[in-house]
Amino acid sequence: MKLFVSEGNPHCLKVLAALEVTGLQCGVQYVNHEEKVVPFLNRPSLPALLLPSGQYLFSSSSICRYFFEANGQECNDLCNQWLEWEITVLQPALLQTLHMAVLQGKGSEVSRVLQSPLNVLDQSLSKGTMPFLTGEAVSVADVVIWGALHPVLSDSSLALSEHVSVRAWFDRVAVMHSCQSAAQKVLQGKGLQAMKSYMQKQPAPQSSQCRDTQPCNSSPAENEEGERVVSEEEMEAAVLTWRKSLNTSSPATDKQLPVLPKEDKRNVLVTSALPYVNNVPHLGNIIGCVLSGDVFSRYGRLRGWNMLYVCGTDEYGTATENKAREEGLTPQQICDKYHMVHSSIYKWFQIDFDFFGRTTTEKQTEIAQDIFWRLHKNQYLVEDTVEQLRCEKCQRFLADRFVEGTCPHCSYPEARGDQCDKCGRLINAVELREPQCKVCRQTPVIRSSKHLFLDLPKLESQLEQWLDKSTSSGDWTANAKQITRSWIRDGLKPRCITRDLKWGTPVPHPDFKEKVFYVWFDAPIGYLSITANYTKEWEKWWKNPHQVELYNFMAKDNVPFHSVVFPCSLLGAQDNYTLVNHLIATEYLNYEDTKFSKSRGVGVFGDMAKDTGIPSDVWRFYLLYVRPEGQDSAFSWADMALKNNSELLNNLGNFINRAGMFVSRFFEGCVPVMDLQREDKKLLALVGWELQQYIQLLDKVRIRDALKHILNISRHGNQYIQVNEPWKKIKGGELERRRAGTVTGVSVNISCLLSVMLLPYMPEVSQTIRDQLNAPQSCINTMLQGTGTFVCALSAGHRIGTVSPLFQKLEADQIEALKKRFGGQQPEEEPSNKKKPSENITTAQPAAAAAPSDGVKPTAVVGVDPEKAKQLTKAVAEQGEKVRALKAQKAEKDVITAEVSKLLDLKKQLALAEGKNPEPQKGKKK
């Protein structure tokens with residue numbers, strides 16, 4: 001890498017500071033302001049970073065971000081929002097400020113221009129408890145914004161000291177040696193005067209009132225974009241691209257079956273964490289795994305990569321045995337039934353797997369047992385006798401996920417028998433305090449059993465060596481790196497790979513023939529066996545690490561098993577297995593600030609979504625819009641309606657519909673001649689830049705952030721139409737009619753580009769747009785090639801199809817009804833006159849007997865029923881446990897109230913069954 005910078009350029013201050021903070025090895029070359037470093041730009045653009053690939057970065061923020069990400073410090077959502085704020089809000093104000101202070105000598109007026117953005121920064125810093133913008137440590141956002149503000153905040157003559165929180169933060173960053181060094185190299189101790197030569201070569205800024213958008217309070221996609229400065233060179237480059245021909249090779253979406261690695265292609269293997277077969281997936285499951293993997297796979301095909309996307313149901317284990325017992329079926333029948341449920345849900349959500357399989361297959365047994373014997377041969381397995389929890393009532397050893405108790409580390413009351421969801425620590429089930437069987441709620445006893453363990457400590461050095469390479473060269477999400485590091489830091493321990501169950505892959509060792517493989521040894525091998533059921537040449541994918549890149553998609557709770565346990569199994573097998581290169585983990589998606597719960601009727605599950613009447617593409621859009629990439633997020637009905645009505649209907653849909661309708665109404669359905677003027681060229685450059693950002697983000701699997709740039713393009717388009725008013729110009733003279741034609745033609749071509757960019761996110765809508773535009777199939781091949789290729793796909797004379805609206809408004813009453821429907825069970829109210837005779841177990845008594853006065857012994861209540869009392873005692877205990885669990889989860893008040901009401905009713909029934917008089921109910925006197 002080589003970094004090109006110039007003295008006196010404030011943007012170079014940021015990148016030098018970022019380089020020194022991260023400590024990366026990179027050559028630095030100082031050039032003058034006039035030197036053209038980037039070969040395809042006609043104007044100088046500094047700083048510039050020459051990458052090892054030969055490509056250039058010439059945005060200071062992008063260079064800083066690159067340095068931090070190369071050092072393993074990825075941006076979270078808040079960091080990204082601050083970087084956007086710096087570009088769209090702070091930079092325009094700073095450009096005006098520096099022009100006034102350096103060239104016009106108007107330093108006294110600087111505070112007026114910077115007042116608004118500094119207020120935003122000061123308010124955010126004063127409200128937070130963190131020393132830096134995004135946390136406890138300096139982030140790329142701190143370096144970029146500090147570098148931008150350094151020239152003005154370090155000059156005492158500008159009187160910008162009233163923002164106390166900003167000043168304290170600025171000083172905290174400034175004391176870092178790397179920042180001091182960068183400032184000295186760029187400004188040479190001369191302050192603002194060092195920038196005079198640079199500022200004289202910059203265009204005079206337009207005076208405008210800076211927006212005070214605060215990045216940490218709203219999504220950048222919801223804020224009006226600041227006007228990006230577009231150079232003449234960018235416009236010229238955009239026009240050259242616009243005039244290129246479409247790529248007429250085979251469509252990127254065509255598949256040759258089976259899909260196998262190719263010598264001349266980028267071969268990408270994508271997996272989503274295998275869903276438990278007996279659980280109907282909720283929205284959080286869908287966005288965390290299969291939908292995210294689907295978007296990336298569709299995108300990769302558009303990029304021309306050779307993609308294989310596999311997934312399937314995880315079918316072995318205690319959960320399946322229990323479900324079978326509940327439904328009176330065999331485990332295999334349960335698996336068959338719910339595999340179809342999963343398949344139909346994913347089909348409705350348009351998840352485009354190359355193959356969706358299952359783990360209850362002969363291939364699973366064959367491959368799992370082969371890996372087992374290889375580990376055994378290589379002496380990576382150890383025997384040990386372990387204490388296990390056994391439920392005497394259920395007459396079986398309890399699998400980890402069927403034990404619940406208090407975490408021994410953080411005291412979380414709902415820790416599972418293998419891991420605590422709150423602190424993330426691994427747990428041995430016998431370590432739990434106050435353990436309970438989740439089936440019958442009885443306290444289990446401890447029994448001994450002999451098991452086999454994967455010797456993780458023996459594999460630790462191999463694992464660390466591989467992890468260092470994979471995490472530095474691949475795209476691992478920040479949480480995946482953090483969770484993996486915490487496991488390694490705490491020291492690896494042998495991990496049990498066998499279980500005392502019947503339903504599972506049998507252990508082939510004669511001493512353990514009554515046992516099966518533990519699900520977290522067995523289930524990830526399902527990726528291999530599912531691929532083997534797809535093609536007999538499966539080893540070309542799974543034993544080909546030099547030719548295949550592996551992407552794993554999952555929620556964060558699955559990370560350790562994919563980054564530590566499964567890789568150790570494959571490393572120990574020593575059979576040239578393909579290991580994960582890119583581990584993509586989401587945080588959790590909650591439901592209206594609580595948890596999804598099938599039993600409580602809280603939240604939308606996959607089999608319910610299609611019954612709402614909302615198209616699957618709208619569900620996909622919203623789930624991807626709120627995808628929990630950097631922190632937990634929540635599904636909200638009100639927000640879903642807002643995003644549908646504002647972003648889809650009024651922004652995206654409005655633009656595409658208007659562009660098509662103008663062609664139909666004003667030009668008889670044929671795209672008019674386009675005579676590009678400067679304004680059109682500027683729009684092409686803006687759209688091209690958004691396309692480049694979209695590609696850069698999706699290449700890094702930043703799925704939610706990339707979606708923003710689609711919406712930005714339609715915003716640019718709406719503004720372009722609004723300013724040019726083609727519906728008026730078409731009624732004017734020849735020049736005005738030609739102008740209307742150009743605006744219409746450019747707009748409909750932007751719609752064509754949007755249809756391609758939307759394909760990974762909203763495949764049906766994408767196809768509908770292309771059908772309405774009668775767009776050539778080759779546009780799919782062309783638009784996402786390289787760094788983005790926005791060509792004129794619909795040339796003059798092209799006839800479009802029939803245009804119609806793409807989206808419908810979600811009405812308030814419709815949303816309110818859906819929110820109520822999925823908000824949880826309501827307490828049942830049953831009139832007394834509808835009770836069955838057998839339920840009336842008390843005799844009629846005078847009112848005085850129901851509420852005796854003080855000192856009067858209560859009248860005995862007849863109708864004692866010992867058997868019913870026994871049943872109700874159990875029901876009261878279970879309902880009490882349910883209420884305590886809801887309170888611990890901080891569930892919604894209405895839900896808790898409803899369950900408390902049920903508990904009180906059960907207690908009254910119990911009192912009556914025991915021959916006692918229940919406490920009199922308080923109420924209005926008659």
Side-chain angles (χ1 to χ4, degrees), residues 1-71 83 86-87 91 94-95 97-99 101-103 140 143-152 154-155 177-205 228-237 685 689 692 696 787:
M1 289 190 298
K2 178 173 276 191
L3 180 64
F4 297 89
V5 295
S6 61
E7 294 178 1
N9 182 336
H11 300 294
C12 294
L13 195 163
K14 305 176 201 173
V15 297
L16 284 173
L19 179 61
E20 297 203 26
V21 167
T22 56
L24 293 176
Q25 296 297 313
C26 178
V28 178
Q29 182 173 335
Y30 287 83
V31 297
N32 62 49
H33 304 310
E34 297 297 303
E35 189 155 344
K36 297 174 184 175
V37 174
V38 183
F40 51 83
L41 295 181
N42 294 330
R43 282 189 57 191
S45 180
L46 293 170
L49 178 66
L50 174 60
L51 300 174
S53 63
Q55 294 180 314
Y56 285 88
L57 295 179
F58 46 92
S59 155
S60 57
S61 292
S62 296
I63 294 171
C64 291
R65 184 200 292 272
Y66 181 88
F67 286 152
F68 271 78
E69 290 186 350
N71 196 43
L83 290 177
E86 190 267 346
I87 292 171
Q91 276 303 325
L94 278 172
L95 184 62
T97 295
L98 293 173
H99 190 82
V102 176
L103 300 182
V140 63
V143 172
V144 167
I145 295 175
W146 176 87
L149 288 171
H150 180 274
V152 293
S154 58
D155 193 312
H177 174 73
S178 50
C179 292
Q180 294 176 8
S181 172
Q184 179 61 33
K185 289 174 182 175
V186 173
L187 301 181
Q188 300 288 309
K190 300 175 184 176
L192 291 174
Q193 288 309 305
M195 301 168 60
K196 189 168 185 178
S197 172
Y198 169 79
M199 290 303 301
Q200 285 173 338
K201 294 175 174 61
Q202 304 308 305
R228 184 175 175 274
V229 177
V230 178
S231 68
E232 295 291 336
E233 289 73 18
E234 286 177 284
M235 292 187 218
E236 290 171 18
W689 183 84
Q692 288 175 13
Q696 288 179 19
T787 57

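Contact annotation: the side chain of Leu19 approaches that of Leu24 to within less than 4.5 Å [non-hydrogen atoms, C-beta and beyond]. Between Leu94 and Leu149 the shortest side-chain heavy-atom distance falls below 4.5 Å.
Remark: Gln55 CD is loosely packed, at most 12 non-hydrogen atoms of other residues, nucleotides or ligands lying under 6.0 Å away.
To the nearest 0.5 Å, atom CD of residue Glu233 and atom NZ of residue Lys36 are 7.5 Å apart. One finds the CG atom of Leu51 at 4.5 Å from the CG atom of Leu57 (value rounded to the nearest 0.5 Å). To the nearest 0.5 Å, atom CG of residue Leu46 and atom NE2 of residue His11 are 10.5 Å apart. In this structure, CD on Gln696 lies 6.0 Å from OG on Ser62, to the nearest 0.5 angstrom. Leu83 contributes atom CG, which lies 8.5 Å from atom SG of Cys64 (distance to the nearest 0.5 angstrom). Between Leu187 atom CG and Cys12 atom SG the span is 10.5 Å, to the nearest 0.5 Å.
Smallest separation of non-hydrogen atoms from Phe67 and Val15: CE1-O, 3.7 Å. Taking each heavy atom of Gln692 and Thr787 in turn, the nearest pair found is CG-O, 3.1 Å. Nearest heavy atoms, Val230 versus Ala685: CG1-CB, 3.4 Å. Nearest heavy-atom pair, Leu16 versus Val28, reported as atom, atom and distance to 0.1 Å: CD2-CG1, 4.0 Å. In plain terms, the two heavy atoms of Leu103 and Met199 that are nearest each other are CD1-O, 3.6 Å. Of all heavy-atom pairs between Pro47 and Asn9, the closest is N-ND2, 4.3 Å.
Applying the side chain to side chain donor-acceptor pair (under 3.5 Å) criterion to Gln29, with sequence neighbours excluded, gives Lys2. In this structure Ser181 satisfies the side chain to side chain donor-acceptor pair (under 3.5 Å) test together with Glu20, sequence neighbours excluded. Residues satisfying the side chain to side chain contact (heavy atoms under 4.5 Å, CB included) criterion with Gln184, sequence neighbours excluded, are absent altogether. Listed by chain and residue number, His33 satisfy the side chain to side chain donor-acceptor pair (under 3.5 Å) test with Ser6 (two or more places apart in sequence, or in another chain). Residues satisfying the side chain to side chain donor-acceptor pair (under 3.5 Å) criterion with Asn71, sequence neighbours excluded, are Gln73. Scanning for salt bridge (charged side-chain N to carboxylate O under 4.0 Å, His left out) contacts around Glu35 gives an empty result, with sequence neighbours left out.
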Derivation of the side-chain contact (heavy atoms from CB on, under 4.5 Å) call for Tyr56 and Val37:
CA-CA 9 Å; Tyr56 285 88; Val37 174; 4.1 Å; yes

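A salt bridge is absent between Glu7 and Lys190: the closest approach of a Lys/Arg side-chain nitrogen to an acidic carboxylate oxygen does not fall below 4.0 angstrom.
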